[in-house]
Amino acid sequence: MVGIISSGFHGRRQSGNPALPPGQYETGSFPVLTAGPAPRIPTDDWEFFITTEAGQRHAWSWDAFMGLPQVDIHTDIHCVTSWSKLGTSWRGVSLDSLFENVETSCRFTTAHSYGGYTTNVPLQDLLGGRAWVAWEFDGEPLERTHGGPARLLVPHLYFWKSAKWINGIELTQDDVPGFWESNGYHLHGDPWREERYS
């Protein structure tokens, strides 16, 4: 599968800004990198699920998801291709809320997206106020090219971990590589440690 790259992958790497992880430059745009075409998911058909190792399935329709506590998130985001966008604004539901009634002994997860994309994220990176399912960006519903109607938002990791068009989270005993991880990207993806590639 070939990546589709939009305009915006340009700029000079800046040094001396403590908000930028090593090897990153600041951009004012919001570049798009996608492994395949952007799926179109009407909110009437959208669902988010969590499945446990015991086979328990927790699921939310769009209306049920919108009825959960909503939070505003102000954060920086960092792409493995070296751009960083500082001070972004999102709205969504904390993974802490979604996992409230989920019982598991697993340490790892696989995020599943509409269209078949997957990425692995340790459970500890999704909880404790560190990750959200976001449906709004900069005061507007999330555009389809950026993962709308909803995407995973894990801003302390490189942005490929913030799976677009999120459909659900599968809890796993092992750290199973997802799409980009199976193609040479790092299993974890911490930008401050430059965990870009395996």
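Please read these numbers as outputs of a predicted model, since none were measured by experiment. The figures that follow rest on heavy atoms only: side chains count, while hydrogens, waters and symmetry mates do not.
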Is the side chain of [X] donor-acceptor paired with the backbone N or O of [Y] at a distance under 3.5 Å, no angle test?
| X | Y | value |
| --- | --- | --- |
| E103 | A54 | no |
| N120 | P177 | no |
| Q70 | L68 | yes |
| T109 | V121 | yes |
| D96 | G129 | yes |
| S97 | V93 | no |
| T52 | Q56 | yes |
| Q173 | C106 | no |

A quick test of your reading: do over 12 heavy atoms of other residues, nucleotides or ligands sit less than 6.0 Å from CZ of R144?
yes
Do [X] and [Y] have side-chain N/O donor and acceptor atoms under 3.5 Å apart?
| X | Y | answer |
| --- | --- | --- |
| E47 | W62 | no |
| S162 | W160 | no |
| H156 | D125 | yes |
| H112 | T118 | no |
| E195 | H188 | yes |
| S198 | H186 | no |

Charged N to carboxylate O below 4.0 Å: is that the case for E181 and K161?
yes
Between R107 and E53, is there a side-chain N and carboxylate O pair less than 4.0 Å apart?
no
Give me the atom names and distance for the closest heavy-atom approach of [X] to [Y].
| X | Y | answer |
| --- | --- | --- |
| L98 | W60 | O-CH2, 3.3 Å |
| P191 | P21 | O-CB, 3.4 Å |
| F137 | T88 | CE1-CB, 3.8 Å |
| Y185 | V80 | CE2-CG1, 3.3 Å |
| V71 | S94 | CG2-N, 4.4 Å |
| A150 | W46 | CB-CZ2, 3.9 Å |

For a 4.5 angstrom cut-off between non-hydrogen side-chain atoms, does [X] reach [Y]?
| X | Y | result |
| --- | --- | --- |
| L187 | D175 | yes |
| K164 | I166 | no |
| P22 | W192 | yes |
| P149 | T43 | yes |
| W132 | W90 | no |
| E136 | I73 | no |

Is there a path of hydrophobic side-chain contacts, each under 4.5 Å between heavy atoms of I, L, V, M, F, W or Y residues, that connects [X] with [Y]?
| X | Y | result |
| --- | --- | --- |
| Y117 | V176 | no |
| F49 | V154 | no |
| L95 | L123 | yes |
| F30 | L142 | yes |
| L127 | L152 | yes |

Atom [atom1] in [X], atom [atom2] in [Y]: separation rounded to 0.5 Å?
| X | Y | atom1 | atom2 | value |
| --- | --- | --- | --- | --- |
| T51 | E170 | OG1 | CD | 5.0 Å |
| I50 | H58 | CD1 | NE2 | 7.0 Å |
| S84 | I77 | OG | CD1 | 8.5 Å |
| L20 | L86 | CG | CG | 5.5 Å |
| R151 | E143 | CZ | CD | 11.5 Å |

Kindly determine whether V133 and L153 satisfy side chain to side chain contact (heavy atoms under 4.5 Å, CB included), including the steps that lead there.
CA-CA 6 Å; V133 174; L153 179 63; over 6 Å; no
Determine whether the aromatic ring centres of residues Y114 and W165 are separated by less than 6.0 angstrom.
no
Would a line drawn from the ring center of F48 to the ring center of F65 be shorter than 6.0 Å?
no
Derivation of the side chain to side chain contact (heavy atoms under 4.5 Å, CB included) call for L126 and I169
CA-CA 10 Å; L126 296 180; I169 301 285; 4.3 Å; yes
Using the side chain to side chain contact (heavy atoms under 4.5 Å, CB included) rule, take L171 and T110 through it: C-alpha gap first, then chi angles, then the decisive distance, then the call.
CA-CA 6 Å; L171 288 150; T110 297; over 6 Å; no
So D76 and K85, side chain to side chain contact (heavy atoms under 4.5 Å, CB included) or not? Walk me through it.
CA-CA 6 Å; D76 304 333; K85 187 170 178 63; over 6 Å; no
